[in-house]
Amino acid sequence: MSNLSEVISLTLAKANQKLKAATIDLQNELFDDSASRSYYAVYHAITAALLTKQLSFSSHNQTLGAFNKEFIHTEIFSKKYTKMIYQLFSARETGDYDIRSDIDHKKAKGYLENAIIIVKDIESYIHDSYC
């Protein structure tokens, strides 16, 4: 991939693929996997947003922290997103690593709904301010 715009576009496409997978997993009662895919949709969207500032990080915590610094604290995105993102991060860890999970249909659906909101807002931001 040669240019930044292409990388950002492909990263957003990956975010949307994860939303689609989260939806399919939810429909198939794979609640842990749906929560995990919801998180990764947001993670890829956040990565794309950071790329618009030519920022890239090697860990999830660094990526989330940088998003808060660059986009939440500057009020580009709502502070409510911080809580939503960290809930998704926690759900992903539960869904991926815990033997017992409390993620049910209601929780997985809520995670997916939050992920859709965040991804769409980030896409709009990138389209309006970067493209």
Side-chain angles (χ1 to χ4, degrees):
M1 288 174 271
S2 57
N3 71 44
L4 188 57
S5 294
E6 181 182 12
V7 174
I8 291 168
S9 178
L10 291 170
T11 305
L12 286 174
K14 190 158 201 104
N16 281 293
Q17 290 171 354
K18 299 301 177 189
L19 287 177
K20 185 176 181 179
T23 301
I24 292 166
D25 287 341
L26 180 65
Q27 293 168 344
N28 286 289
E29 299 183 4
L30 300 169
F31 306 130
D32 288 349
D33 292 330
S34 178
S36 181
R37 298 305 96 196
S38 293
Y39 165 76
Y40 277 106
V42 170
Y43 175 78
H44 290 299
I46 286 170
T47 298
L50 289 167
L51 286 170
T52 67
K53 295 180 179 270
Q54 297 186 3
L55 297 172
S56 179
F57 300 91
S58 60
S59 78
H60 287 249
N61 283 325
Q62 289 173 327
T63 301
L64 300 180
F67 182 78
N68 278 328
K69 179 182 175 190
E70 298 291 330
F71 292 98
I72 302 295
H73 294 140
T74 58
E75 299 182 354
I76 293 171
F77 294 108
S78 171
K79 291 184 188 291
K80 70 180 179 180
Y81 284 7
T82 299
K83 182 178 180 182
M84 293 163 66
I85 291 164
Y86 281 97
Q87 284 177 335
L88 284 162
F89 181 77
S90 178
R92 190 269 309 187
E93 288 188 329
T94 296
D96 285 354
Y97 301 113
D98 290 357
I99 294 170
R100 290 195 177 124
S101 171
D102 66 345
I103 300 172
D104 57 12
H105 184 272
K106 182 178 177 182
K107 286 182 182 180
K109 184 178 181 206
Y111 297 141
L112 177 56
E113 289 169 352
N114 287 343
I116 291 168
I117 291 167
I118 294 168
V119 170
K120 297 307 172 196
D121 279 356
I122 290 173
E123 281 182 320
S124 293
Y125 165 80
I126 291 171
H127 181 264
D128 294 344
S129 64
Y130 185 76
C131 295

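All values reported here derive from a predicted model rather than from experimental measurement.
In this structure, Lys120 places its NZ atom where more than 12 heavy-atom neighbours from other residues, nucleotides or ligands lie under 6.0 Å away. Counting heavy-atom neighbours within 6.0 Å of Glu93 CD, excluding the residue itself, gives a total above 12. Enclosure of atom NZ in Lys53 by more than 12 non-hydrogen atoms of other residues, nucleotides or ligands within 6.0 angstrom is indicated.
In this structure a side-chain-to-backbone donor-acceptor pair under 3.5 Å is present from His73 to Asn68. For the pair Asn28 (side chain) and Leu30 (backbone), a donor-acceptor distance under 3.5 Å is absent. Between the Thr23 side chain and the Leu19 main chain, a donor and an acceptor come within less than 3.5 Å of each other. Of the possible polar contacts, none joining the Ser36 side chain to the Asp32 backbone as a donor-acceptor pair under 3.5 Å is found. Thr11 contributes a side-chain N or O that, together with a main-chain N or O of Val7, makes up a donor-acceptor pair within less than 3.5 Å.
Scanning both residues, Gly65 and Tyr86, for their nearest heavy atoms gives N-OH, 4.0 Å. Considering all non-hydrogen atoms of both residues, Ala49 and Phe67 come closest at CB-CE1, 4.2 Å. Considering all non-hydrogen atoms of both residues, Ala45 and Val119 come closest at CB-CG2, 3.9 Å.
A distance of 11.0 Å separates CD1 in Ile8 from CD in Glu6, rounded to the nearest 0.5 Å. With rounding to the nearest 0.5 Å, the separation of OG in Ser38 from CE in Met84 is 11.0 Å. Between atom NE2 of residue His127 and atom OG of residue Ser9 there is a gap of 11.0 Å, rounded to the nearest 0.5 Å. The distance from the CG atom of Asp98 to the CD1 atom of Ile103 is 8.5 Å, given to the nearest 0.5 Å. Taken from CD1 in Ile122 to CZ in Phe77, the straight-line distance is 5.0 Å, to the nearest 0.5 Å.
You'll find the side chain of Thr47 stays beyond 4.5 Å of the side chain of Lys14, heavy atoms only. In this structure, Ile117 and Tyr81 have side chains that are in contact, with non-hydrogen atoms separated by less than 4.5 Å.
When each of Gln87, Arg92, His60 is tested with Tyr39 by the rule side-chain hydrogen bond (donor to acceptor under 3.5 Å, both in side chains), just one qualifies, namely His60.
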